[in-house]
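Reading through the C-alpha cells given below for one structure.
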Amino acid sequence: MSSYQLIARPCPPVAGQLGEHISPLLARLYAARGVDSAEQLSLKLNQLIPAQQLKGLDCAVKLLDQAIDQQTRILIVGDFDADGATSTALMMLALGQMGACVSYLVPDRFKYGYGLTPKIVALAIDEYQPQLIVTVDNGISSHSGVEAAHAAGIKVIITDHHLTTKTPPECAAVVNPNQPECNFGSKALAGVGVAFYVLAALATQRKQQGKASINLTQYLDIVAIGTVADVAQLDFNNRILVAAGVERIRQGVCRPGVLALLEVAGRETYKISPQDLGFVIGPRINAAGRMENMRIGIDCLLANSFDEAWPLAQRLDELNRERRRVEAQMKQEALDLLAHSAYSNLSDIPPAIVLFEPNWHQGVIGIVAGRLKEQFHRPTIVFAPSEDGLFVKGSARSIAGIHIRDAIERVAEQYPELVSHFGGHAMAAGLTLPRQQFEAFTEVFQQIIAEHDPSLFDARLLTDGELQVHEFSLDTARDLAHAGPWGQGFPAPLFEGLFKVLEYRWLQDKHLKLLLQHPDHKQRIDAIYFNAKRQHWPDTMPKLRLAYQLDINEYQGRQRLQLLIQHAEIVT
C-alpha cells in the first residue's frame, strides 16, 4: 500500500460545449483534461498543425529532395531508445521508397554515448562514407560532432525534439520545435513526430513535382509507437498521430515487425490500446538498445514480411526478459542502499535520491530511476560506471513541478567541473560526471532540489472523483477504452470510491484478487491489484478506499467488468 493523497481533478463547466452525443461522464472527463470544444475531439489527420510552422523545415526538405535526385549517400544517425528506433526506421522506409541512397547507424550507447559526437562521425566515415548525415531524436546539442562532420566535408541535417537553451549547431538545417524562435504550435512532438513532419513535407513536395513519392500515413503505426514509448505529452496534435497509428494496428495494416512483436507478447491486434504501445511494444524495442544493440529493434521494424520479423521479435522478447531480471536485481540493491542509509522511510528521505553502484548496468538505470521515483515520490538519478571507469553515467526521472534537466543545468553552470555533459526534458534527463565528483554532485544537486516548494514532495494522486451507481457497467468501460487515446498529459480516467470487501485471495503472493460491493448498491464487482505484495497487508480488510480504472476482463469468451486498482487504503 502506498501513501498517496487522493485529490479530484478540477473540472470546468464546459461539458455542454462538447456535443450532445458525448455522455455526461465523458464530457466531465474531457473537460478536466482541458478539452473545451467539440473540435478538439475530432482526431482527423487534416487537423494536424501545418508543417510550415516548423523552423528549418523548408531547408531540410530542399536538401533531402536534392540528395535523392543526386543519389547522395545519406546516413541516418539515430538514438538508442524506442523513439530513436522508430525515427530511424521511418526515415529508412520513407527515404528508401522515394529512391534515396540511405543507410543508418545507431552507435553502441555504451561505447559512443549520446548524440552526434566526433567519435560517431569518425565511425560513420569509416563504415559508410556519407555525404549527408541526418540525425533523428538527437543532435540539438552536438556542436563538436557537427564540426567534425563539416571538417570531413559532410553536410548535416538535425531533426530532434529535445530541449536546449543554447544556440543549435551551425549546420545545413535544424528542425526541432523546441529550438529558439520556432513557432510550431506543439512543443510535444517526439523525435519520430519531427521525422514524420519532415518526411511528409518532402513527400508532398516531390509529388507536386512529379517525382517518386509516397503517402506517409502508411507509417503512422511507427509514429504512434515512438510517441507513446517516449512518454510524449498527448496534446491535441499528438493524440491525432497516436489515434491514427493505433487504428492502423487494430486493422492489421501495419509493419510486419509490429505484428510480430504483438504476437510474441501474446496480444491480439484488434484489441490493442495506446497504452499497449508503451507497455508491450516499446519495452521490447527498448530492450535492444538497453541490453545489446538497437539494430535488432530497427531491423524488426524494417522487416518486409512476418517471417523475416519473427526471429527478431523473439530476440527482442528474450532481451526484454533479461532486462526485467537485471532491473529487478538492481532495484532491490537500490532499496538495500536506501535501507542502510538514514532515509528508508518516505518522510525521512532527502528531496532527491541519487544512487551509484559500480556493478550496475547502464542500460537499465533509467528504468530503475523511474521505479524509485514512483515509489518514493522524489526526483531520482541512478548512475552506472562508464566502460573506462573514469566517469559515471546517470539517468534521471522527476516528479511533477520539478524540471530535472534545468536542475542539472544549474549544477553544471555553477560548478562546471561536476558535470561533463547532459541533456533531456522536464521529466527525464541523462548526464555524465567524472567518477570522483559523484559525492560533490550529489550534495549540490540535492541542495538545488531542496529549494523547490515543499508541497511538491507530497505524493498526490489525481482522480476523476467517484462514479455514479449506474456507471459501473461494461458499456462505460467500453466507452472509456475507445475515448482516448489516453496517455502522458491526457491520463486515462482514474476513479475513487469506498468499497466493502466480500472476498479476497492472493495470486502468487503478490497480486490481490477481490470481490467488492459498492456501499450504495448490491452489485458485486471483480477487482485486481497487481503487485500489491502480500507482506504489506493485514489478514482482514473489511473496507477499502480505492483509486481504480474500469477494465474488461475477458475469459472463455465472456466479458465481466473489473476494477484495476492503482491505490488502496484500508478503512477501519
Side-chain angles (χ1 to χ4, degrees), residues 48-68 72 74-79 81 83-95 98 100 102 104 114-116 130-143 145-146 149-150 154-206 213-214 216 219-220 222-223 226-227 230 232-233 235 237-238 240-241 423-425:
L48 285 171
I49 298 170
Q52 289 68 31
Q53 292 186 17
L54 275 169
K55 180 183 178 182
L57 180 88
D58 290 343
C59 186
V61 167
K62 180 180 178 181
L63 288 166
L64 287 170
D65 184 40
Q66 293 174 347
I68 295 172
T72 299
I74 304 172
L75 180 67
I76 310 301
V77 176
D79 190 16
D81 63 3
D83 188 15
T86 51
S87 303
T88 302
L90 181 64
M91 280 281 182
M92 288 293 297
L93 290 165
L95 291 176
M98 285 187 270
V102 60
Y104 79 87
Y114 171 79
L116 184 68
Q131 297 165 294
L132 172 64
I133 287 177
V134 181
T135 72
V136 289
D137 193 32
N138 75 94
I140 196 63
S141 299
S142 300
H143 294 79
V146 170
H150 287 170
I154 304 169
K155 292 182 178 180
V156 178
I157 296 174
I158 291 172
T159 74
D160 199 354
H161 70 122
H162 289 93
L163 301 175
T164 178
T165 56
K166 305 291 192 300
T167 302
E170 292 187 11
C171 58
V174 177
V175 186
N176 180 346
N178 289 299
Q179 68 177 306
E181 300 177 10
C182 182
N183 298 318
F184 188 73
S186 169
K187 302 299 182 183
L189 279 179
V192 71
V194 177
F196 173 82
Y197 264 87
V198 171
L199 291 167
L202 173 64
T204 298
Q205 177 174 303
R206 290 181 63 82
S213 185
I214 60 169
L216 258 292
Y219 298 128
L220 281 168
I222 297 177
V223 178
T227 300
D230 208 49
Q233 291 283 329
D235 61 4
N237 207 63
N238 275 343
I240 294 173
L241 294 173
H425 307 290

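- At distances below 3.5 Å, at least one donor-acceptor pair connects side-chain atoms of T159 with backbone N or O atoms of T135.
- The line from SG of C171 to CD1 of I154 is 13.0 Å long, rounded to the nearest 0.5 Å.
- When only modelled atom types and interatomic distance are considered, S186 and D235 share a side-chain donor-acceptor pair under 3.5 Å.
- From L48, atom CG reaches atom CD1 of I240 across 4.5 Å, with rounding to the nearest 0.5 Å.
- How far OG1 of T88 is from CG of D137: 8.0 Å, rounded to the nearest 0.5 Å.
- Looking at residues two or more places apart in sequence or on another chain, you find a side chain to side chain contact (heavy atoms under 4.5 Å, CB included) between A100 and I68, I74, L95, V102.
- Residue K155 places its NZ atom among 12 or fewer non-hydrogen atoms of other residues, nucleotides or ligands, all under 6.0 Å distant.
- N238 places a side-chain N or O within donor-acceptor distance of the main-chain N or O of A188, the cut-off being under 3.5 Å.
- Atom CG of L93 and atom CG of L199 lie 10.0 Å apart (nearest 0.5 Å).
- Checking side-chain atoms of Q179 against main-chain N and O of T164 turns up no donor-acceptor pair under 3.5 Å.
- The structure places SG of C182 at 5.0 Å from CG of L54, a figure rounded to the nearest 0.5 Å.
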| request: Please report the C-alpha distance between Y219 and I214 in whole Å, then the side-chain angles of each, then the deciding distance to 0.1 Å, and finally whether the side-chain contact (heavy atoms from CB on, under 4.5 Å) criterion is met. | output: CA-CA 10 Å; Y219 298 128; I214 60 169; 4.0 Å; yes
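- Proximity of a side-chain donor or acceptor of H161 to a complementary backbone N or O of K187 within less than 3.5 Å is not detected.
- The shortest side-chain heavy-atom distance between L220 and I222 does not fall under the 4.5 Å cut-off.
- Atom CD of Q66 sits in a crowded spot, with more than 12 heavy atoms from other residues, nucleotides or ligands closer than 6.0 Å.
- Using a 4.5 Å heavy-atom cutoff, the side chains of N176 and P168 are not in contact.
- Considering only residues two or more places apart in sequence or on other chains, S213 meets the side chain to side chain contact (heavy atoms under 4.5 Å, CB included) condition with A203, R206, K207.
- Contact annotation: the side chain of S141 never approaches that of K166 to less than 4.5 Å [non-hydrogen atoms, C-beta and beyond].
- Within the 4.5 Å cutoff, side-chain heavy atoms of I76 are placed close to those of V136.
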| message | Using the rule given for side-chain contact (heavy atoms from CB on, under 4.5 Å), can you reason through V198 versus L64, listing the C-alpha separation, both sets of side-chain angles and the distance that settles it, and then say yes or no? | response | CA-CA 9 Å; V198 171; L64 287 170; 3.8 Å; yes
| said: Test side-chain contact (heavy atoms from CB on, under 4.5 Å) on V134 and M91; report intermediate values, then the result. | reply: CA-CA 9 Å; V134 181; M91 280 281 182; 4.0 Å; yes
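- Looking at every heavy atom in both residues, G56 comes nearest to A173 through O-CB, 4.1 Å.
- A donor-acceptor pair under 3.5 Å is absent between the side-chain atoms of D160 and the main chain of I158, judged by distance alone.
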| message | Run L216 and L90 through side-chain contact (heavy atoms from CB on, under 4.5 Å) and show every step you take. | response | CA-CA 9 Å; L216 258 292; L90 181 64; 4.0 Å; yes
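- Using a 4.5 Å heavy-atom threshold, the side chains of L202 and M98 count as touching.
- Between N237 and I49, the shortest heavy-atom contact is OD1-N, 2.9 Å.
- No donor-acceptor distance shorter than 3.5 angstrom exists from the side chain of D83 to the backbone of A190, with no hydrogens or angles considered.
- By the 4.5 Å heavy-atom criterion applied to side chains, V156 and P169 are not counted as neighbours.
- Here the closest heavy-atom approach between residue C59 and residue A172 is recorded as SG-O, 3.1 Å.
- Within the structure, the ring pair (Phe, Tyr, Trp, His ring centres under 6.0 Å) test picks out the following pairs touching residues 162-194 (sequence neighbours left out): Y114-H162, H162-H425, F184-Y197.
- Under the 3.5 Å distance criterion, the side-chain polar atoms of Q205 are left unmatched by any main-chain donor or acceptor of D65.
- For the pair I133 and P130, the minimum side-chain heavy-atom distance is below 4.5 Å.
- Looking at I140 and N178, their side chains never come closer than 4.5 Å, going by heavy atoms from C-beta outward.
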